[in-house]
Peer 1: 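Got a structure for you, written out below as structure tokens; questions coming shortly.
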Amino acid sequence: MFSVKSITIDGIHKVDHVRYQFDQNTYICGPNGVGKSTILTAIQLSLLGKIPGQPATNAAIFRHANKPTMSVSLELNDDNNCVTITRSWTMKRNSVSANLNVMENGVMLSDDDASAKIANIVGNASLPIYSFAEFTALSANKMKDWFSEFLPTAKVDKTWIDVLTDAVSTSLAVDNDYIAEMANQLPQPLTTDNIKKANTYIKSCITAKKADIARLTSTIQSLTYYDELDNNQTEESISADINNLIADQQLASNYKFAATQNDTVNKLLADPKFANMAGSLETDPEYIKCRSALTELEENDHAFSKEAKENTSAIDSTATELWRCQKIIDSNGVCPYSNAACDSILKSAKERAYVLNDNLSVLKLRNSKVQEMLSEIRAKIETHVARLTEIKQRYAQYNELMSSRMQLPDIAGHILEDPSYYQAAIQQKTNELAQLRANARYNTLMNDLTKEKYMAEIELNCLKAWDTITGPNGLPTQMLTDQFNHLAAKISELMEVNSLMMRSTATFNLSSDSNTFSFGIVRDGKYIPFDLLSTGEQCIFFVAFIDVLQSESSSQLKLILIDDLLDHLDAAKFDAFIDSSMPACSSQIIAAGVRNVSDRPGILKLN
């Protein structure tokens, strides 16, 4: 095992580059302010890289520096090895950096090896050993948890099914299958570590089960039952009512549409222009008369057109002949062939021209009258055509209206309502059908959900019981009883060396009640917890307690640091502690106080 041989401190508080050496048990004495606590703090700082009870940041640690660089160098020795742990902190530009060096037998270790080496030296009990005040400030359950992890793993000669079955009340009527299912989920075997894992798993099951119960409760509360519904109805009867209403709705809608359409047609047919309509266009008297008159006018138009054409041809022929005669007259009878004047030709031309002029006038007068007759006839034709078109359009409209009239549906045996009534009635029946189905679903779901919730609540109560039995105050406490008794016996043995603790035995309060774990002494049959002991009793208990923990720990350095605690002992008890309690411990003890003692081995006096 290692022991502390020396500590070199540079730049901490009032200490600048001073090396202190230690025996197996060393008492550092001197007045206040000479650096006693600084030595103990430096040892903690070397081993832990922090000062217990203070922030572990570099800036917080450097508050103890008195110059830009502070350092501690701890020398540890066993029979074969020498390990030196050196830590330093340097301030540069308002930033503090830290450095760690570990040398073993003159060889510098790598960072990983250095950290592993320190961890092995410090071991698994650094919290109470180097931070006892922080340890005693833990809650009872957390302190018990620490012991559960620290003490050797214990086993229980039981199965999970046995434990779970014993933990639940017979009144819960829990299904054995549920116990078996839970047992299969829990880690084997029943060690303290596995019980803690089981407790974590059971707590998660409790959370999930509570969520299930909340979901089931919410679902049950969301279900609706319609009390006002006529329970004599069935889905078939309501569905039939809905189908009948839909059919009547369609019939009423068709009837109303046809009646409305026919009313519109009848109103249009009531127009006076549709009065006295014949059976058809061809039998309409006015149409027949108009058509006959038109035929006669068209025949007259044809005859007068022919006459007008003949008149025009005669006028053209007479005019041409008159032009020729006038040409001869204008040339004084010169023959166009011989170019010789001929009185007889001139005379004949004049006589013929006179006759032609009379004829032309008669023809033009006659043609003018024919054109007047044609205009009159064609005006009448246009009037008759327009009238015939009007008659045809009237008959076309009449026939179209007649064809748009609809056959009214057969409503015999039906009492029809307004179509708007059916929509509301169908909706009401649809709602009744939905309510009937909801009531049926309510009955089914309510039975199933209530049963499921009941079983979930039983299982939750089981889980709570299992949480208690696997919690810190349950099975783990029962399993650790022997280990705690072993610790208490060893602590008692060390305390008995000092007369102050005669008739006192160390003990651990292992009540199954939550947050009741504690440690202290039993004197005259009365339990006194540690925090109610006198300062002197606390000092002796503390040393014995830490020495026993060190003996049970994995630490390669069995060390106890005591600062100012011995100052609370009177002279006789102090001497007894130095002469008997300290040598009885298997751990190295480095203590500090203001009490001035005579020179003896293991005394380090500071001035």
Side-chain angles (χ1 to χ4, degrees), residues 242-316 362-426:
I242 292 174
N243 292 333
N244 291 335
L245 286 170
I246 291 174
D248 285 349
Q249 180 189 35
Q250 186 64 43
L251 182 62
S253 178
N254 293 342
Y255 188 90
K256 182 176 181 180
F257 179 78
T260 301
Q261 174 73 5
N262 291 347
D263 286 345
T264 302
V265 170
N266 291 336
K267 288 179 182 179
L268 294 174
L269 291 174
D271 192 313
K273 68 180 180 180
F274 295 121
N276 302 321
M277 297 289 287
S280 65
L281 175 65
E282 288 73 14
T283 59
D284 185 276
E286 184 181 5
Y287 177 79
I288 295 173
K289 179 180 179 181
C290 189
R291 182 67 220 172
S292 176
L294 179 61
T295 300
E296 183 180 350
L297 288 170
E298 287 175 344
E299 291 175 352
N300 291 336
D301 178 76
H302 177 71
F304 279 108
S305 294
K306 181 178 180 181
E307 184 179 352
K309 183 177 181 181
E310 292 174 352
N311 288 339
T312 300
S313 177
I315 290 170
D316 290 342
V362 171
L363 287 171
K364 287 182 177 181
L365 180 60
R366 183 186 297 174
N367 193 48
S368 175
K369 290 181 179 181
V370 170
Q371 291 297 333
E372 288 178 2
M373 289 298 294
L374 279 173
S375 295
E376 183 178 345
I377 289 171
R378 287 174 178 172
K380 290 180 179 180
I381 288 174
E382 184 176 345
T383 299
H384 281 69
V385 168
R387 181 57 181 160
L388 284 173
T389 301
E390 181 183 342
I391 294 172
K392 289 179 180 180
Q393 289 176 346
R394 176 156 49 88
Y395 270 91
Q397 292 174 2
Y398 179 80
N399 292 333
E400 182 178 359
L401 288 174
M402 291 299 293
S403 64
S404 65
R405 295 182 70 175
M406 301 181 67
Q407 179 69 35
L408 292 177
D410 183 8
I411 59 174
H414 295 273
I415 300 175
L416 299 183
E417 305 285 350
D418 186 89
S420 60
Y421 158 80
Y422 294 99
Q423 189 60 41
I426 291 171

Peer 1: Run Val265 and Gln261 through side chain to side chain contact (heavy atoms under 4.5 Å, CB included) and show every step you take.
Peer 2: CA-CA 6 Å; Val265 170; Gln261 174 73 5; 4.2 Å; yes
Peer 1: Could you work out, with side chain to side chain contact (heavy atoms under 4.5 Å, CB included) as the rule, every residue matching Lys256, not counting sequence neighbours?
Peer 2: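 Listed in chain order: Thr260, Asp418, Pro419.
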Peer 1: Hey, could you give me the CG/OH distance between Leu245 and Tyr421, rounded to the nearest 0.5 Å?
Peer 2: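 Taking CG in Leu245 and OH in Tyr421, the distance rounds to 6.0 Å.
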Peer 1: For the CZ atom of Arg394 and the CG atom of Asn399, what is their distance to the nearest 0.5 Å?
Peer 2: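 Atom-to-atom, Arg394:CZ and Asn399:CG are 11.0 Å apart.
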Peer 1: Supply the atom-to-atom distance Thr312 OG1 to Glu307 CD, rounded to the nearest 0.5 angstrom.
Peer 2: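 If we round to the nearest 0.5 Å, Thr312:OG1 and Glu307:CD are 10.5 Å apart.
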Peer 1: Let me confirm one number: the OG1-NE2 distance from Thr295 to His384, rounded to the nearest 0.5 Å.
Peer 2: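 Between atom OG1 of Thr295 and atom NE2 of His384 there are 10.0 Å.
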Peer 1: Going from CG on Asn244 to OH on Tyr422, what distance comes out if it is rounded to the nearest 0.5 angstrom?
Peer 2: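 Separation between the atoms: 11.0 Å.
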Peer 1: Mark yes when over 12 heavy atoms from residues, nucleotides or ligands other than Glu298 sit less than 6.0 Å from its CD; otherwise mark no.
Peer 2: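 Yes, the 6.0 Å shell around CD holds more than 12 heavy atoms from other groups.
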Peer 1: Would you name the heavy atoms of Leu269 and Phe274 that are closest together and state the gap between them?
Peer 2: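 Closest approach of Leu269 to Phe274: O-CB, 3.6 Å.
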Peer 1: Looking only at heavy atoms, what is the nearest atom pair of Ser404 and Asn262, with distance?
Peer 2: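 Taking Ser404 first and Asn262 second, the nearest heavy atoms are O-OD1, 4.5 Å.
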Peer 1: Any chance you could measure Glu299, atom CD, to Leu294, atom CG, to the nearest 0.5 Å?
Peer 2: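 The distance works out to 10.0 Å.
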Peer 1: Looking at Glu400, I want to see if its CD is surrounded by more than 12 non-hydrogen atoms of other residues, nucleotides or ligands under 6.0 Å.
Peer 2: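 Not more than 12 within 6.0 Å, no.
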Peer 1: For residues 281-293, which side-chain donor-acceptor pairs fall under 3.5 Å, sequence neighbours excluded?
Peer 2:
| unit_1 | atom_1 | unit_2 | atom_2 | d |
| --- | --- | --- | --- | --- |
| Thr283 | OG1 | Ser280 | N | 3.2 |
| Thr283 | OG1 | Ser280 | O | 3.1 |
| Thr283 | OG1 | Ser280 | OG | 3.3 |
| Asp284 | OD1 | Glu286 | N | 3.0 |
| Asp284 | OD1 | Tyr287 | N | 3.0 |
| Asp284 | OD2 | Tyr395 | OH | 2.5 |
| Glu286 | OE1 | Arg387 | NH2 | 2.9 |
| Glu286 | OE2 | Arg387 | NE | 2.5 |
| Glu286 | OE2 | Arg387 | NH2 | 2.3 |

Peer 1: So does Arg366 have more than 12 non-hydrogen atoms from other groups sitting under 6.0 Å from CZ?
Peer 2: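 It does not: Arg366 CZ has 12 such atoms or fewer within range.
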Peer 1: Out of Thr383, Thr389, Leu388, which residue meets the side-chain contact (heavy atoms from CB on, under 4.5 Å) rule with Val385?
Peer 2: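 Exactly one pass, corresponding to Thr389.
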Peer 1: Looking only at heavy atoms, what is the nearest atom pair of Lys273 and Met277, with distance?
Peer 2: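 The pair with the smallest heavy-atom distance is O-SD, 4.1 Å.
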Peer 1: Flag yes if more than 12 heavy atoms outside Asp263 fall under 6.0 Å of its CG atom; otherwise flag no.
Peer 2: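 Count over threshold, so yes.
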Peer 1: Can you give me the closest heavy-atom contact between Ala308 and Val370, atom names plus distance?
Peer 2: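 In this case the closest contact between Ala308 and Val370 is CB-CG1, 3.6 Å.
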Peer 1: Let me check something: any side-chain donor-acceptor pairs from residues 371-381 under 3.5 Å, sequence neighbours excluded? List them with distances.
Peer 2:
| unit_1 | atom_1 | unit_2 | atom_2 | d |
| --- | --- | --- | --- | --- |
| Ser375 | OG | Gln371 | O | 3.1 |
| Arg378 | NE | Asp301 | OD1 | 2.7 |
| Arg378 | NH2 | Ser305 | OG | 3.2 |

Peer 1: Please confirm whether the backbone N or O of Lys364 pairs with a side-chain atom of Ser368, one donor and one acceptor, at under 3.5 Å?
Peer 2: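 Absent.
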